[in-house]
Amino acid sequence: MPEMTVQVRWPDGVLRQYYSPSLVLHDHLAPGSYRVDDFRSRATTALDEASARVRAKYGFACTSAAASAEEIAVDAGRHADSAEVEVISMYPPLPAPTTASQEHS
(Lines give C-alpha, C1' and ligand atoms only; values in the text may rest on other atoms or scores of the structure.)
Protein backbone atom coordinates (compact mmCIF):
# COMPACT_ATOMS: atom_id res chain seq x y z
CA MET A 1 0.00 0.00 0.00
CA PRO A 2 1.62 3.29 -1.05
CA GLU A 3 2.26 5.79 1.71
CA MET A 4 2.24 9.54 1.39
CA THR A 5 2.88 12.75 3.27
CA VAL A 6 1.15 16.10 3.12
CA GLN A 7 2.97 19.30 4.05
CA VAL A 8 0.90 22.28 5.19
CA ARG A 9 1.50 25.83 6.35
CA TRP A 10 -0.81 26.86 9.16
CA PRO A 11 -2.07 30.46 9.47
CA ASP A 12 0.68 31.27 12.00
CA GLY A 13 3.35 30.20 9.47
CA VAL A 14 4.14 26.86 11.14
CA LEU A 15 5.01 24.13 8.63
CA ARG A 16 3.83 20.62 9.47
CA GLN A 17 3.97 17.30 7.68
CA TYR A 18 1.36 14.57 8.13
CA TYR A 19 1.55 10.89 7.19
CA SER A 20 -1.04 8.72 5.45
CA PRO A 21 -0.73 4.99 4.78
CA SER A 22 -2.65 5.47 1.53
CA LEU A 23 -2.80 7.84 -1.43
CA VAL A 24 -6.49 8.45 -0.62
CA LEU A 25 -5.66 11.98 0.56
CA HIS A 26 -5.43 12.87 -3.15
CA ASP A 27 -9.18 12.17 -3.35
CA HIS A 28 -9.89 14.87 -0.75
CA LEU A 29 -7.10 17.46 -0.97
CA ALA A 30 -4.85 19.14 -3.50
CA PRO A 31 -2.16 21.78 -3.10
CA GLY A 32 -3.80 25.13 -2.38
CA SER A 33 -5.58 27.04 0.38
CA TYR A 34 -8.46 25.81 2.54
CA ARG A 35 -10.37 27.19 5.48
CA VAL A 36 -9.05 25.52 8.64
CA ASP A 37 -12.38 23.82 9.35
CA ASP A 38 -12.65 22.53 5.76
CA PHE A 39 -9.07 21.22 5.80
CA ARG A 40 -9.61 19.48 9.14
CA SER A 41 -12.81 17.84 7.86
CA ARG A 42 -11.31 16.73 4.52
CA ALA A 43 -8.10 15.45 6.08
CA THR A 44 -9.91 13.56 8.85
CA THR A 45 -12.27 11.92 6.35
CA ALA A 46 -9.33 10.92 4.15
CA LEU A 47 -7.31 9.53 7.06
CA ASP A 48 -10.33 7.54 8.26
CA GLU A 49 -10.60 6.06 4.75
CA ALA A 50 -6.87 5.32 4.71
CA SER A 51 -7.13 3.51 8.04
CA ALA A 52 -10.12 1.52 6.75
CA ARG A 53 -8.08 0.45 3.72
CA VAL A 54 -5.33 -0.78 6.02
CA ARG A 55 -7.94 -2.65 8.11
CA ALA A 56 -9.41 -4.27 4.98
CA LYS A 57 -5.98 -5.39 3.77
CA TYR A 58 -4.24 -6.33 7.02
CA GLY A 59 -7.02 -6.85 9.55
CA PHE A 60 -6.18 -3.91 11.83
CA ALA A 61 -6.55 -0.13 11.70
CA CYS A 62 -3.57 2.13 11.09
CA THR A 63 -2.54 3.85 14.29
CA SER A 64 -0.32 6.23 12.30
CA ALA A 65 -3.36 7.51 10.35
CA ALA A 66 -5.21 8.01 13.64
CA ALA A 67 -2.19 9.86 15.06
CA SER A 68 -2.05 12.14 12.00
CA ALA A 69 -5.78 12.89 12.34
CA GLU A 70 -5.27 13.75 16.01
CA GLU A 71 -2.28 16.00 15.20
CA ILE A 72 -4.35 17.82 12.57
CA ALA A 73 -7.21 18.29 15.05
CA VAL A 74 -4.83 19.73 17.66
CA ASP A 75 -3.09 21.98 15.13
CA ALA A 76 -6.42 23.16 13.68
CA GLY A 77 -7.69 23.91 17.18
CA ARG A 78 -5.03 26.60 17.51
CA HIS A 79 -6.59 28.63 14.70
CA ALA A 80 -9.93 30.19 13.84
CA ASP A 81 -12.07 27.97 11.61
CA SER A 82 -12.22 30.75 9.02
CA ALA A 83 -8.42 31.17 8.83
CA GLU A 84 -6.57 29.81 5.80
CA VAL A 85 -4.28 26.78 5.86
CA GLU A 86 -2.17 26.02 2.79
CA VAL A 87 -1.45 22.54 1.47
CA ILE A 88 2.06 23.05 0.13
CA SER A 89 2.85 19.59 -1.19
CA MET A 90 1.56 16.05 -1.38
CA TYR A 91 4.18 13.36 -1.88
CA PRO A 92 4.18 11.26 -3.86
CA PRO A 93 2.03 13.11 -6.34
CA LEU A 94 -0.51 11.20 -8.36
CA PRO A 95 0.94 9.89 -11.63
CA ALA A 96 0.28 12.14 -14.58
CA PRO A 97 -2.58 10.86 -16.73
CA THR A 98 -1.48 9.19 -19.90
CA THR A 99 -2.99 9.93 -23.27
CA ALA A 100 -3.34 7.58 -26.20
CA SER A 101 -0.55 9.42 -28.03
CA GLN A 102 1.83 8.98 -25.08
CA GLU A 103 1.00 5.29 -24.79
CA HIS A 104 1.95 4.67 -28.41
CA SER A 105 5.16 6.72 -28.41
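Owing to the predicted nature of the structure, the values given are computational and were not obtained by experimental measurement. Side chains are part of it too, since the values below use all heavy atoms of this structure and drop only hydrogens, waters and symmetry mates. In this chain, residues are counted from 1 in sequence order.
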Peer 1: For Ala50 and Ser22, work out which heavy atoms get closest and say how close.
Peer 2: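 It is CB-CB, 3.8 Å.
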Peer 1: Side chains of Tyr19 and Glu3, heavy atoms from C-beta outward: is any pair under 4.5 Å?
Peer 2: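 In short, these two side chains touch, coming nearer than 4.5 Å.
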Peer 1: Could you report the tightest heavy-atom contact between Val54 and Ala61, atom names first, then the distance?
Peer 2: CG1-C, 4.3 Å
Peer 1: Taking side chain as C-beta onward, heavy atoms only, is Val36 less than 4.5 Å from Glu84?
Peer 2: no
Peer 1: Tell me, do Ile88 and Val8 make a side-chain contact under 4.5 Å, heavy atoms counted?
Peer 2: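 Ile88 does not reach Val8 side chain to side chain.
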Peer 1: Taking Ser51 for its side chain and Leu47 for its backbone only, find out whether a donor-acceptor pair lies under 3.5 Å.
Peer 2: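 No, because the side chain of Ser51 does not come within donor-acceptor range (under 3.5 Å) of the backbone of Leu47.
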Peer 1: Rounded to the nearest 0.5 Å, what's the gap from OG on Ser20 to CE on Met4? Could you check?
Peer 2: 6.5 Å
Peer 1: Side chain to side chain donor-acceptor pair (under 3.5 Å): which pairs involve residues 68-78, sequence neighbours left out?
Peer 2: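 Non-adjacent pairs meeting side chain to side chain donor-acceptor pair (under 3.5 Å): Arg16-Asp75, Tyr18-Asp75, Asp75-Arg78.
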Peer 1: With rounding to the nearest 0.5 angstrom, report the CG to CZ distance, Asp38 to Arg40.
Peer 2: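 Going from the CG atom of Asp38 to the CZ atom of Arg40 covers 10.0 Å.
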Peer 1: Does one hydrophobic cluster hold both Val24 and Phe39, with members joined at side-chain heavy-atom distances below 4.5 Å?
Peer 2: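 As far as the 4.5 Å side-chain criterion goes, Phe39 and Val24 are connected within one cluster.
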Peer 1: Any heavy-atom pair between the side chains of Trp10 and Leu15 that's under 4.5 Å?
Peer 2: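 No, too far: nothing below the 4.5 Å cut-off.
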Peer 1: With a 4.5 Å cut-off on side-chain heavy atoms, are Asp81 and Arg35 touching?
Peer 2: yes
Peer 1: Output a table of donor-acceptor pairs, distance under 3.5 Å, between side-chain atoms of residues 25-34 and any protein atom two or more places apart or on a different chain; print 'none' if there are none.
Peer 2:
| unit_1 | atom_1 | unit_2 | atom_2 | d |
| --- | --- | --- | --- | --- |
| His26 | NE2 | Pro92 | O | 2.9 |
| His28 | NE2 | Glu49 | OE1 | 3.3 |
| His28 | NE2 | Glu49 | OE2 | 3.1 |
| Tyr34 | OH | Ala30 | N | 2.8 |
| Tyr34 | OH | Ala30 | O | 2.9 |

Peer 1: Quick check for you: to the nearest 0.5 Å, what is the distance between Arg53 atom CZ and Asp48 atom CG?
Peer 2: 12.5 Å
